[in-house]
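Worksheet for the structure shown next.
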Amino acid sequence: MTLNIRVIAPDRTVWDASAEEVILPSSTGQLGILTGHIPLLTALDIGVMRVRINKEWIPIVLLGGFAEVDNNKITILVNGAEEASDIDPEMAQRGLEEAAALFAEATTSKAKIEATQNIRKARARLQAIAVTAA
């Protein structure tokens with residue numbers, strides 16, 4: 001048996017495939033899903049989703065959202081998503097540096113929150129690249 005995984009962003013379907021296992025970045029930590037998992041609805045954090053297909057792990061950056069697991073189908077609704085193969089390592093590193101600089105310069109709570117979110121997104125992109133390289 002396999003899991004049917006579908007990742008949907010506001011502008012497109014990012015992923016629609018079958019897999020043996022998926023690890024989600026839930027708001028309470030990493031959440032592993034195998035076939036036969038009980039029904040579940042969970043909030044997702046900014047982080048890397050890992051999908052296992054034929055013993056190979058494929059990383060996808062999720063930018064927050066929700067996941068529903070029911071009858072070996074996983075529907076993931078996200079604010080945004082990026083496949084690791086589409087991420088430029090140099091741009092991701094530069095994005096982290098720029099976000100860190102903005103955080104250091106932030107004087108309001110709103111600016112600090114936005115900078116923190118950008119740091120988390122940049123770190124997730126770098127983590128996805130590292131999974132691909134491993």
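The structure presented is a predicted model; accordingly, all values stated were derived computationally and were not measured. Numbering of residues begins at 1 and proceeds along the displayed sequence. The figures that follow rest on heavy atoms only: side chains count, while hydrogens, waters and symmetry mates do not.
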Show me, pair by pair, the donor-acceptor contacts under 3.5 angstrom made by side chains of residues 103-110, not counting sequence neighbours?
from, atom 1, to, atom 2, distance (Å)
T108, OG1, A111, N, 3.1

- Query: Would V69 end up clustered with V7 when hydrophobic side chains under 4.5 Å apart are linked, directly or stepwise?
  - Reply: yes
- Inter-residue atom distance I74.CD1 - L3.CG, 0.5 Å rounding: 4.5 Å
- Are I58 and V61 connected in a single hydrophobic cluster, I mean Ile/Leu/Val/Met/Phe/Trp/Tyr linked by side-chain heavy atoms less than 4.5 Å apart? no
- Message: Between S27 and D45, is there a side-chain donor-acceptor contact under 3.5 Å, judged purely by atom types and distance?
- Response: no
- Message: Tell me whether R123 at atom CZ has more than 12 heavy atoms from other residues, nucleotides or ligands lying less than 6.0 Å away.
- Response: no
- Task: Identify the two heavy atoms, one from T42 and one from S26, that lie closest to each other, and give their separation to 0.1 Å.
- Result: OG1-CB, 3.7 Å
- Can you tell me how far the CE atom of M49 sits from the CD atom of Q30, to the nearest 0.5 Å? 11.5 Å
- Task: Step by step, work out the side-chain contact (heavy atoms from CB on, under 4.5 Å) result for L126 and L96.
- Result: CA-CA 9 Å; L126 292 170; L96 178 59; 3.6 Å; yes
- Task: Can you tell me which residue pairs pass the side-chain hydrogen bond (donor to acceptor under 3.5 Å, both in side chains) test with a partner in residues 89-100, sequence neighbours excluded?
- Result: Q93-E97
- Shortest non-hydrogen pair, A92 vs A122, comes out as O-CB, 4.2 Å
- Message: How long is the straight-line distance from CD1 of I76 back to CD1 of I5, given to the nearest 0.5 Å?
- Response: 6.5 Å
- When every non-hydrogen atom of A9 is compared with those of G80, the smallest separation belongs to CB-CA, 4.4 Å
- Heavy-atom closest pair (L62 atom, P25 atom, distance to 0.1 Å) is CD1-CD, 4.0 Å
- Query: Which value, rounded to the nearest 0.5 Å, describes the distance between I8 atom CD1 and W15 atom CH2?
  - Reply: 14.5 Å
- Connected via hydrophobic side-chain network under 4.5 Å: L40 and V22: yes
- Any side-chain heavy-atom pair from T13 and D16 closer than 4.5 angstrom? yes
- Query: How many angstroms lie between atom OG1 of T35 and atom CG of N4, to the nearest 0.5 angstrom?
  - Reply: 11.0 Å
- Task: Keeping the roles fixed (side chain from E21, backbone from G32), state whether a donor-acceptor pair exists under 3.5 Å.
- Result: no
- Task: Kindly state each residue pair satisfying side-chain hydrogen bond (donor to acceptor under 3.5 Å, both in side chains) with at least one member in residues 65-78, sequence neighbours excluded.
- Result: none
- Query: Taking all non-hydrogen atoms of both residues, which atom of A124 and which atom of I46 are closest, and how far apart?
  - Reply: CB-CG2, 4.3 Å
- Task: Identify the two heavy atoms, one from E20 and one from K55, that lie closest to each other, and give their separation to 0.1 Å.
- Result: OE1-N, 4.1 Å
- R52 side, atom CZ; W57 side, atom CH2 - distance, nearest 0.5 Å: 5.5 Å
- Query: What's the verdict on side-chain contact (heavy atoms from CB on, under 4.5 Å) for E82 and V14, showing C-alpha distance, side-chain angles and the deciding distance?
  - Reply: CA-CA 8 Å; E82 302 170 18; V14 177; over 6 Å; no
- Item | Within one Ile-Leu-Val-Met-Phe-Trp-Tyr cluster: I60 and L44, side-chain cutoff 4.5 Å | yes
